[in-house]
J.: 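First the structure, which I've put down as structure tokens, then a few questions once you've had a look.
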Amino acid sequence: MQQLISVSGVVVPLDRSNVDTDQIIPKQYLKSIKRTGFGVNLFDDWRYLDPGEPGMDHSTRRVNPEFVLNQPQYQGASILLARENFGCGSSREHAPWAILEYGIRVVIAPSYADIFYNNSFKNGLLPLALSASEIDRLFELTASGDAIELTVDLPTQTVSGPEGFVASFEIDPFRKTCLLEGLDEIGLSLKEADAIRAYESRRQQETPWLFQQVK
Amino acid sequence: MAGKTLYDKLWDSHLVRQRDDGSALIYIDRHLLHEVTSPQAFEGLALAGRSPWRLDANLATVDHNVPTQNQAAGVGAIADPTSRLQVQTLDENCDSFGITQFKMADPRAGIVHVIGPEQGATLPGMTVVCGDSHTATHGAFGALAHGIGTSEVEHVLATQCLVAKKMKNMRITVTGPLGYGVTAKDVILAIIGEIGTAGGTGCAIEFAGEGIESLSMEGRMTVCNMAIEAGARVGLVAVDEKTIEYVKGRPYAPVGDLWSEAEAYWRTLVSDADAVFDHDIVIDGTVIEPQVSWGTNPEMVTGVNGAVPDPALIDDPIKRGTVERALKYMGLSGGQSIQSIRLDRVFIGSCTNSRIEDLREAAKVVDGKRVADSVLQAMVVPGSGLVKAQAEAEGLDQIFLEAGFEWRDPGCSMCLAMNADKLGAGEHCASTSNRNFEGRQGAGGRTHLVSPAMAAAAAVAGHFVDVRDWL
Ligand code: SF4
């Protein structure tokens with residue numbers, strides 16, 4: 001997975017709560033058997049005025065000029081700002097894949113849906129939570145419509161920006177290490193193969209019906 | 001020391017190793033797979049030269065992309081080439097890795113959360129995961145079940161474990177008795193309306209109380225299914241007589257001495273009387289009415305005799321904006337009565353409400369009646385081939401067909417419209433599924449979440465009605 005240490009960049013403000021995974025990446029794109037190709041369809045229903053289907057040339061579609069991602073000052077943004085319960089809905093990992101491929105490395109919101117939160121870390125996307133008042137302040141800072149830049153620093157767990165904005169965030173140590181080092185989680189778990197085998201043989205004694213083969 | 005909750009017991013019995021950094025390695029007993037969230041996981045596995053840790057823990061089916069007509073023709077019946085490729089990819093992966101799969105046209109195939117319990121592949125006391133958020137369904141059996149992402153699908157395939165962190169314990173007690181004609185779907189929609197779509201975030205919710213105990217296993221599955229719509233990855237119901245009766249005799253269930261041993265263990269899968277919950281919520285089940293969602297997330301719901309909220313009466317500007325945006329999308333006006341909402345399509349199906357009991361409830365309502373002329377399409381999509389066969393044996397298909405419903409082959413269908421079954425832009429649908437997000441059932445489509453009986457009555461009336469008047 002992609003390493004993440006520090007990110008400085010433009011913030012794109014998406015002033016909505018309960019942004020669901022069907023909005024982040026609509027289901028027609030989930031038919032892909034690949035991990036890539038989703039960035040162009042991030043927020044597809046909001047970003048384009050015409051309906052999108054996989055396989056079409058998205059560069060020729062009608063863009064919705066009102067949608068914040070399409071506004072010129074936010075091009076190249078690497079940080080997404082949103083309201084509470086971001087990423088609710090399905091377990092599709094295509095959601096963080098699409099966000100990352102678009103170029104966003106950090107999402108800032110007051111809260112996240114659990115599965116989205118989890119999936120983000122597996123791919124090197126940092127979903128960080130700030131308090132409701134800090135989020136309000138960030139939306140205020142972006143309210144003029146001019147692009148502002150923030151710096152997110154993972155080692156010190158801080159977000160800093162214009163007008164003296166500084167906030168700190170929590171992250172659990174395992175996830176932090178994985179992000180900082182870009183670790184392969186499966187490889188890490190397999191180092192504990194002996195513990196897994198020991199557990200399995202104990203469970204085979206205790207609950208043998210879980211290990212019977214179905215004909 | 002306080003006693004343990006059911007969730008604590010399930011967690012403790014699956015703990016392989018607690019790591020120093022607070023994360024833990026949890027053993028997974030059952031891994032269910034479907035075509036949408038698995039291809040990249042199999043690819044990752046192959047690229048890293050890894051093989052599945054324990055083949056017999058896995059069970060795969062195809063459901064999201066399959067057409068609901070002419071399934072007997074097999075994969076070739078899928079017109080959309082990208083959908084077909086995804087289904088074929090699962091077939092190939094299961095064949096080459098040696099994973100048991102119910103392929104298209106196998107009567108045992110169907111929606112992953114319907115077939116797990118149906119086969120007894122979901123048993124009390126198990127950990128069950130699947131690359132699908134509605135895996136919470138299986139918690140109805142006192143199993144620790146939740147959705148995972150594709151990276152975790154790969155992780156489970158490779159290690160039979162998950163890296164997890166213990167959730168908080170939440171108990172939602174629904175008092176009883178439930179009112180006449182009030183179903184499991186109404187209970188869970190009312191709960192979500194009360195605690196909100198993020199109310200259970202970070203928690204495993206145990207549903208308890210007379211309002212839950214009185215439900216059948218199918219009803220409990222409906223409740224646990226939508227724990228995720230309340231923000232919780234895990235929904236749970238304690239094991240009781242009904243759980244054990246349901247599991248008995250299913251293909252994957254133990255028999256003989258093993259059964260007795262298992263049964264004795266399963267009976268311990270209840271929260272201790274002195275267990276402490278981080279959050280303890282009580283919902284008065286006796287006042288719950290049949291529910292209808294009016295907005296674009298599942299907490300935007302009210303009783304069938306209620307009305308759509310009027311944004312002008314909401315003080316908080318952020319909330320007002322959210323309601324205004326939802327009403328604009330839904331094409332509804334503030335203050336409009338729920339019963340004045342006219343329907344273009346009706347969908348009875350999905351992992352929330354496509355089991356035999358759901359179909360029986362709907363059939364009871366439509367028996368001898370006709371779908372209103374103003375309704376363009378009303379369809380019933382059974383949750384599995386076996387549910388379909390059972391319904392046909394009971395003559396339910398005839399009741400639906402005579403009333404003007406379409407009787408389809410099993411799959412996810414219009415729950416998320418990845419196949420050909422979709423809403424057109426602007427169309428209102430009474431749907432027994434679980435998500436009313438914008439575009440969920442087709443671009444621009446407008447979903448109203450209801451129970452099977454309410455959907456059936458709405459199909460006949462052409463608008464929402466209180467089904468209790470019809471029973
Ligand atoms: S029926 Fe709907 S919610 Fe259930 S698994 Fe299929 S798509 Fe998901």
Side-chain angles (χ1 to χ4, degrees), chain A residues 1 16-18 20-23 26-28 30-35 45 51 54-55 83-85 88-94 96 111-115 118-119 122-123 172-175 177 184-190 192-193 195-196 198-200 203 206-214, chain B residues 16-17 19 21-23 25 27 29 36-37 39-40 43 48 50 56 65 80 82-83 85-86 89 100 123 125-126 131-133 147-152 154-155 158-161 163 165 197-198 201-202 231 233 251-252 254 258 261-262 265 297 318 322 416-418 435 437-440 443:
Chain A
M1 95 171 173
R16 298 192 188 215
S17 53
N18 296 309
D20 61 75
T21 52
D22 281 78
Q23 295 312 328
K27 70 256 168 176
Q28 62 270 34
L30 311 189
K31 294 176 188 176
S32 167
I33 56 171
K34 305 209 192 82
R35 249 174 216 270
D45 288 352
R83 298 281 182 186
E84 71 271 8
N85 201 27
C88 62
S90 83
S91 66
R92 64 189 70 164
E93 203 158 313
H94 314 67
S111 59
Y112 298 88
D114 289 340
I115 303 183
N118 211 25
N119 283 342
K122 312 278 176 193
N123 294 279
D172 93 34
F174 175 72
R175 286 177 163 144
T177 314
D184 165 22
E185 242 184 53
I186 297 179
L188 277 182
S189 296
L190 283 174
E192 304 187 65
I196 303 172
Y199 173 90
E200 254 176 354
R203 284 285 279 180
E206 290 169 4
T207 56
W209 61 87
L210 294 177
F211 294 83
Q212 51 170 3
Q213 300 276 343
V214 177
Chain B
V16 172
R17 231 172 74 79
R19 292 170 169 170
D21 55 22
S23 67
L25 214 53
Y27 191 79
D29 296 314
V36 180
T37 52
Q40 297 88 351
E43 189 192 9
R50 292 172 176 141
D56 67 319
N65 277 283
D80 176 353
T82 34
S83 284
L85 178 62
Q86 198 166 54
T89 304
T100 305
L123 294 172
M126 272 184 164
D132 191 286
S133 58
I148 55 177
T150 298
S151 296
E152 290 175 314
E154 186 181 336
H155 192 283
T159 69
Q160 209 53 46
C161 290
V163 177
K165 226 183 149 174
T197 49
T201 303
R233 292 174 80 176
Y252 281 64
L258 272 188
E261 215 183 309
Y265 171 65
N297 76 48
I318 293 181
T322 305
L416 96 164
M418 257 180 104
R435 290 196 173 132
F437 297 150
E438 291 180 21
R440 169 77 177 182

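The chains referred to below are lettered A, B, ... by the order of the sequence lines, with proteins before strands, and numbering in each begins at 1. Not measured: the values here are computed from a predicted model.
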J.: Please flag which part of Glu261(B) lies under 4.5 Å from any non-hydrogen atom of chain A: side chain, backbone, both or neither.
T.: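 Both parts, heavy atoms under 4.5 Å.
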J.: Determine the option with the most heavy-atom pairs under 4.5 angstrom with chain A, choosing from Glu154(B), Lys165(B), Arg19(B).
T.: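 Going by pairs under 4.5 Å, I would pick Arg19(B).
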J.: How long is the gap from CD on Glu438(B) to CG on Asp20(A), to the nearest 0.5 Å?
T.: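 With rounding to 0.5 Å, CD (Glu438(B)) is 7.5 Å from CG (Asp20(A)).
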J.: How about Asp21(B) and Arg175(A): do any of their side-chain heavy atoms sit closer than 4.5 Å?
T.: no
J.: Measure Ala48(B) against the heavy atoms of chain A and call it side chain, backbone, both or neither at under 4.5 Å.
T.: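 For Ala48(B), no heavy atom lies under 4.5 Å from chain A.
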J.: Using a 4.5 Å cut-off on heavy atoms from C-beta on, say whether the side chain of Ile318(B) contacts that of Arg83(A).
T.: yes
J.: With chain B, which of Thr21(A), Asn119(A), Ile115(A), Asn123(A) has the greatest number of heavy-atom pairs at distances under 4.5 Å?
T.: Ile115(A)
J.: Counting C-beta onward and ignoring hydrogens, is there a side-chain heavy-atom pair between Lys34(A) and Pro39(B) closer than 4.5 Å?
T.: no
J.: Do Ser189(A) and Val163(B) have side chains that approach each other closer than 4.5 Å (heavy atoms only, starting at C-beta)?
T.: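 A side-chain contact under 4.5 Å exists here.
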J.: What do the steps show when you test Arg203(A) against Asp29(B) for side-chain contact (heavy atoms from CB on, under 4.5 Å), and what is the final call?
T.: CA-CA 10 Å; Arg203(A) 284 285 279 180; Asp29(B) 296 314; 3.8 Å; yes
J.: Does some side-chain heavy atom of Glu152(B) sit less than 4.5 Å from a side-chain heavy atom of Glu185(A)?
T.: no
J.: Mind checking the CZ-CG spacing from Arg92(A) to Leu416(B)? Nearest 0.5 Å is all I need.
T.: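 It is 7.0 Å, given to the nearest 0.5 Å.
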J.: So for Ala193(A), is it side chain, backbone, both, or neither that comes closer than 4.5 Å to the heavy atoms of chain B?
T.: both
J.: So, Arg435(B) side chain and Gly89(A) main chain: donor-acceptor pair closer than 3.5 Å or not?
T.: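 At least one qualifying donor-acceptor pair exists.
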J.: Are Asp22(A) and Arg440(B) within salt-bridge range, i.e. N to O under 4.0 Å?
T.: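 Judged by the 4.0 Å cut-off on N to carboxylate O distance, Asp22(A) and Arg440(B) do form a salt bridge.
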J.: Taking atom NE2 of His155(B) and atom CG of Asp184(A), what is their separation to the nearest 0.5 Å?
T.: 8.5 Å
J.: Which value, rounded to the nearest 0.5 Å, describes the distance between Ile148(B) atom CD1 and Ser91(A) atom OG?
T.: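 Interatomic distance, Ile148(B) CD1 to Ser91(A) OG, rounded to 0.5 Å: 8.0 Å.
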J.: So, do Thr322(B) and Ser17(A) sit near enough that their side-chain heavy atoms are less than 4.5 Å apart?
T.: yes
J.: Strictly by modelled atom types, are Ser151(B) and Glu93(A) linked by a side-chain donor-acceptor pair under 3.5 Å?
T.: yes
J.: Heavy atoms only, distances under 4.5 angstrom: which of Ile196(A), Asp172(A), Thr207(A) has the most pairs with chain B? Name it, please.
T.: Ile196(A)
J.: Should Lys31(A) and Leu85(B) be marked as a side-chain contact (heavy atoms from CB on, under 4.5 Å) after you check the CA-CA gap, both sets of side-chain angles, and the distance that decides it?
T.: CA-CA 8 Å; Lys31(A) 294 176 188 176; Leu85(B) 178 62; over 6 Å; no
J.: Got a donor-acceptor contact below 3.5 angstrom from the Gln86(B) side chain to the Ser32(A) backbone?
T.: yes
J.: Checking Asp45(A) now: which residues fulfil salt bridge (charged side-chain N to carboxylate O under 4.0 Å, His left out) with it, not counting sequence neighbours?
T.: none
J.: Is chain A contacted by the side chain of Thr197(B), its backbone, both, or neither, given a heavy-atom distance below 4.5 Å?
T.: both
J.: As an exercise, state the distance from SG of Cys161(B) to CG of Leu190(A), rounded to the nearest 0.5 Å.
T.: 9.0 Å
J.: What part of Thr89(B) is in contact with chain A, defined as an atom under 4.5 angstrom from a non-hydrogen atom: side chain, backbone, both or neither?
T.: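 For Thr89(B), the side chain is the part near chain A, not the backbone.
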J.: My understanding is that only residues two or more places apart in sequence, or in another chain, count here; which of them pass side-chain contact (heavy atoms from CB on, under 4.5 Å) with Glu43(B)?
T.: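 So Glu43(B) forms a side-chain contact (heavy atoms from CB on, under 4.5 Å) with Leu47(B).
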J.: Which value, rounded to the nearest 0.5 Å, describes the distance between Tyr27(B) atom OH and Glu200(A) atom CD?
T.: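 Nearest 0.5 Å value for the OH-CD distance: 3.0 Å.
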J.: Within the structure provided, determine whether Lys122(A) and Thr150(B) are in side-chain contact (heavy-atom separation under 4.5 Å).
T.: no
J.: Search all heavy atoms of Ile186(A) against all heavy atoms of Arg50(B) and return the closest pair with its distance.
T.: CG2-NH1, 3.3 Å
J.: In terms of heavy-atom pairs under 4.5 Å with chain A, which of Ala443(B), Gly202(B), Gly125(B) leads?
T.: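 Greatest number of close heavy-atom pairs with chain A: Gly202(B).
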J.: Give, as side chain, backbone, both or neither, the part of Glu206(A) having an atom under 4.5 angstrom from any heavy atom of chain B.
T.: backbone
J.: For chain B, find which of Asp114(A), Asn85(A), Thr177(A) contributes the most heavy-atom pairs closer than 4.5 angstrom.
T.: Asp114(A)
J.: Tell me, for Phe211(A) versus chain B, whether the close heavy atoms (under 4.5 Å) come from the side chain, the backbone, both or neither.
T.: both
J.: Under 4.5 Å between any side-chain heavy atoms of Leu258(B) and Pro208(A), yes or no?
T.: yes
